[in-house]
**Q** 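Below is a structure I'd like to ask you about.
Given the structure is predicted, the values throughout are model-derived calculations rather than measurements. Both ligands and their constituent atoms are indexed starting at 1 by order of listing.
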Amino acid sequence: MAGQPEHKTPGGSESPEIPGDAINVGLLGLGVVGGGVAATLLEQRDAIAARVGRPVNLKKALVRDAARARDAAIPTDLITTNPEEILADGDIRLVVEVIGGVSPATQYLKDALAGGKHVVTANKEVMAKHGPELLSLARQNRVNLLFEASVGGGIPIVGCLMKELQANQFRSIRSIINGTTNYILTRMANDHTDFHQALAEAQEQGYAEADPANDIEGIDAVYKLSILAGLAFHHRVAPEDIYRQGIAHLQPQDFRYASELGYAIKSLAIATLENEDIQARVYPALIPLGDMLAKVDGVYNAVEVEGGLCGRVLFHGRGAGRGPTTSAVVGDLLEIAAKLDSEPAPAPSAAPGAASPPERPWRIKSIDDLECKYFLRLNIADRPGVLAQIARILGEQNISIASVLQKDTNPAAQTAEIVITTHPARESSVQKSLELVANLEVVQEISSLLRIEE
Ligand code: HSE
C-alpha cells in the first residue's frame, strides 16, 4: 500500500506494519497445550498483532528434553531447557505456564510474578493449592495472573465468574468438570463398556491426566471445584475442604438400576452456599434423566451456576484437549497483551479464595451434614425377615425408605441383590446405619452407596 512500510512475517508473506514494540512472550512447556499455544502465536501472528495493536512475539519456549521431536513449524532457536532464559529475561513481559503439576511450576510462577512479568497459567493444581498466595504476589507486583484454562478447557467460566457475572452472589455450582470420568461413565451407561477399556480410550484421545488416578479418583475435579467455588463464593475452599469419591467402584448394575428408577449416573462437582455454610463435594451421583447435566455426554464438560441476579446459567463445551485449552490460554494472553501498558496495571479481580478481599464470613460444612436422597445396593441372604432387619436399622436412624428393588437372585447361593432408595436423610445417619447393616450376618456386601442429587 502506498506510503506504508512493509515487513515480512516469519512465513515470508507480506503484511501491513503494526505499530509499537513487540510484546515478548516466554512459554513454559511445549507439550500438547504448549504446542497449541506456540502454533497459534506463530501462525496467527498478523491477526493477533492487528487485534492487540502490536506484535506478540514468542521469544522462548522451555522444554525438558530439547532432542524430542516437535512440530517443524516451531523454530529450534526458540527452544531452551534453561528456565532462566525466560524468567531472567527482562525483555519477556508475559509468561505462559503449561507444564502442569506443582513442582517446578509453582516456583516458576512465583519467580515470574516477583520479576514483574504478567502470567497466564493452565495449572489447576497450582491454582487450587497456591492460588491465593500467587494472586497476592501478582497484586504486590502490579501484574496480572490469569487462569481461564485451569477449569473447563474452552468453556469461559473463570472469566465469566470474575467479570460478566460478578454482580451476583452465587448460591450453587453444579458441574461435570472431568472429561475423562464423564467419557467413562457415558460409555458404561450407553454401551456397557468395561471401565478399563473406556479409560484406555480416554487416555488414547489425550484427555486423561498423566496419572489417570487424578481423573478417576476425582482429584482433578476437586482442584477445579476449589477454583470455581473460590471465585463464586469469594471464600477459600481448599482441596482438602472438598469431600471426594471416585468412580472405580461403579458396576454395570448401578447404571441399569439407576436407569430403571429414572436417573443417570454422573460424576458431579457441587458446591453450595446456604445460610453461611459452604458445602463442596465431588462424587458419582444419580441425577434425574431430565436434568440438563444428565444429557452431558462423552468428554464434554458443563458448569451450572446459580446467581442471585442472573438465576441459573449453564456453560457447556469441550473441557480438555489441545484446541479448547489453547483457546483459553491464548484468550488470557491476548487480554493481558491488549492492556499491557495501561496505567495502572489492572489488578487481578476475584481470586480463587482468600486473596480476594474482603473474605466473607462463610463456614465450610462437613459432608456429615449433607441431606439428600440415597441409593444403596446390597448383596444379602435371600431369606425371610432379612429386609425387615435392614429396614429396622434404617428406621432407627430416622431414614425413611422410598423404594426397594430386588432383581438378581442366586437361588443356589440363596443370595439376592437389592437396591434401596431413601427419602432425604442425613449423611451421618446413613453412614451410621450402613456400619450397622454391614455387621448383620445376613448382609454379604454393601456394593454401592450413591447420593441422589435432585
Ligand atoms: N484430565 C482432564 C479431564 C483434562 O479429563 O477433564 C483437563 O483438565
**Q** Between Gln251 and Arg377, is any side-chain donor less than 3.5 angstrom from a side-chain acceptor?
**A** yes

**Q** Can Ser447 and Glu445 be counted as having a side-chain donor-acceptor contact under 3.5 angstrom?
**A** yes

**Q** Just one of Leu434, Thr421, Leu450 clears the side chain to side chain contact (heavy atoms under 4.5 Å, CB included) bar with Leu376, so which one?
**A**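 Among the candidates, only Leu434 passes.
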
**Q** Less than 3.5 Å apart, N/O on ligand 1 and N/O on the protein: could you list those pairs with the distances?
**A**
residue, atom, partner, partner atom, Å
ligand 1, 1 (N), Tyr207, O, 2.8
ligand 1, 1 (N), Glu209, OE2, 2.6
ligand 1, 1 (N), Asp215, OD1, 2.7
ligand 1, 5 (O), Gly179, N, 3.3
ligand 1, 5 (O), Thr180, N, 2.9
ligand 1, 5 (O), Thr180, OG1, 2.6
ligand 1, 5 (O), Tyr207, O, 3.2
ligand 1, 6 (O), Gly179, N, 2.7
ligand 1, 6 (O), Lys224, NZ, 3.4
ligand 1, 8 (O), Lys124, NZ, 2.6
ligand 1, 8 (O), Lys224, NZ, 2.8

**Q** Got a salt bridge between Asp241 and Arg236, using NZ or NE/NH1/NH2 to carboxylate O under 4.0 Å?
**A**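 Salt bridge absent between Asp241 and Arg236.
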
**Q** Indicate yes or no for a side-chain donor-acceptor contact from Lys59 to the backbone of Gly26 under 3.5 Å, with no hydrogens or angles considered.
**A** no

**Q** Kindly assign one of parallel, tilted or perpendicular to the pair Tyr243 and Tyr283, based on the angle between their ring planes and the thresholds 30° and 60°.
**A** perpendicular

